[in-house]
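Within every chain, numbering begins at 1; the chains are lettered A, B, ... in the order of the sequence lines, protein sequences first and strands thereafter.
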There are 2 protein chains.
Amino acid sequence: MESRIERLCVERGLKMTGQRRVIARVLSESADHPDVEELYRRAAALDPRISIATVYRTVRLLEERGILERRDFGGGRARYEATDTEQGHHHHLIDIETGRVIEFSDAEHERVLQAIAARLGFDLVSHRLELFGRRRQPSRPATRGASAAGGEAGVSGTPANGQRR
Amino acid sequence: MESRIERLCVERGLKMTGQRRVIARVLSESADHPDVEELYRRAAALDPRISIATVYRTVRLLEERGILERRDFGGGRARYEATDTEQGHHHHLIDIETGRVIEFSDAEHERVLQAIAARLGFDLVSHRLELFGRRRQPSRPATRGASAAGGEAGVSGTPANGQRR
DNA sequence: GTACCTGCAAAGCCTTTGCCGTACT
DNA sequence: AGTACGGCAAAGGCTTTGCAGGTAC
């Protein structure tokens, strides 16, 4: 079966090798933000005939083609996730206690950034935002899921962060 | 003469060596966001008896003491700037054409982030924000300096960015 | 058939560290 | 005087790359 990422690769005219197919599948099935090492582990589990150099080369290629996005959550390793084609881009909130990454997007926030850039005489091309927070200990049961104005959120899999390098 | 950073070091009980004094002075006089290599160059110009290992050790030490802050504008190198004691923390807008870094702060933006974190059930501990923009080509002379709600801005020295690693 | 891909191992870049003589409080 | 610091060079972690053989289109 053809994975979502593989389809994108084909659409963009990339030569599909066995290794790339496996890596594409791993990426398609990853809901979190794996680093290269982790991608390599997952890919090698499906097909041991894959070297980490190929993983590096492939994520780089896919990033250049706009299929993947590179993230830097600190810790000196790059992390990857599929470019979000449906909704606009989102950002990340990292739980400083568990390292868990929560995705969110917020329309009002985007507007504020546009305004800031405009005020400085710039057109906003892109931006990077990460929040670091601590889970609130509510006296009453948490208000989780009560999403407000234009917001969406989803929790991702593996913990981020490995502190400094 | 005792530089601002040196004073902070003494206040926090750091042992002041000749090398540290020089590095402290370089940092005090730097209005931009130099990387270690650049700090080393500037320090070595004042006193050649300084090794880059010492620069690395010193910036790390000062960061741990809260005197310096480490920045990551991409390009794989850490950049440093003195912790801002006067106003609250600021953020950076990077001109994608020149690499110039512009600092700004914005009260409304801070409030929005607090609200986002709260909505997700978190207390906001810290955050990281960088804008990447392109200078607007105004039909009329730009509205530079017309700072809106709670905003302040200042241009810094050396270009950032060296693209990927 | 040709241009591109892969594995392997070596190299590169930024940063840290062990060792030992030196300097600060 | 004792503890911490600095220089040097080696090592470490992540990523890229040269080379030789293999593979997709």
Proximal nucleotide (of D:dG7, C:dT25, D:dT15) relative to the B:M16 side chain | C:dT25

Of all the nucleotides listed (C:dC5, D:dT17, D:dA4), which has the minimum atom distance to the side chain of A:A53?
-> D:dT17

So does [X] get a side-chain nitrogen or oxygen closer than 4.0 Å to the phosphate oxygens (OP1/OP2) of [N]?
X	N	answer
A:R60	D:dT16	yes
B:Q19	D:dG7	yes
B:Y56	C:dT15	yes
B:S51	D:dC8	no
B:R20	D:dC5	yes
B:T17	D:dA4	no

Of B:A78 and A:V55, the one whose closest nucleotide on DNA chain C sits nearer the 5' end is A:V55

Which residue lies toward the 5' end of DNA chain C, A:L61 or B:L14, if each is placed at its nearest nucleotide?
-> A:L61

Return the orientation label for the A:H109 and B:H109 ring planes: parallel under 30°, perpendicular over 60°, tilted otherwise.
-> tilted

How about B:R41: does its CZ atom have over 12 heavy atoms from other parts shown lying under 6.0 Å from it?
-> yes

Step through the shown structure and confirm whether more than 12 heavy atoms of other residues, nucleotides or ligands are within 6.0 Å of CZ on A:R49.
-> no

I need the [atom1]-[atom2] distance between [X] and [N], as an integer number of Å.
X	N	atom1	atom2	value
B:K15	D:dG2	NZ	P	13 Å
B:F73	C:dC14	CZ	C1'	17 Å
A:I23	C:dT6	CD1	C1'	10 Å
B:R49	D:dG7	CZ	P	8 Å
B:R77	C:dC13	CZ	P	11 Å
A:E63	D:dT15	CD	P	12 Å
B:E37	C:dT16	CD	P	14 Å
A:Y40	D:dC14	OH	P	15 Å

Would you check if the side chain of A:S3 reaches a backbone N or O of A:S28 as a donor-acceptor pair within less than 3.5 Å?
-> no

Residues forming a salt bridge (Lys or Arg N to Asp or Glu O under 4.0 Å) with A:E110, sequence neighbours excluded = none

Quick one: label B:I50 by what it contacts on the DNA or RNA (base, sugar-phosphate, nothing), any heavy atom closer than 4.0 Å.
-> sugar-phosphate

Please work out if A:R57 contacts a base, only the sugar-phosphate, or nothing of the nucleic acid, heavy-atom cut-off 4.0 Å.
-> base

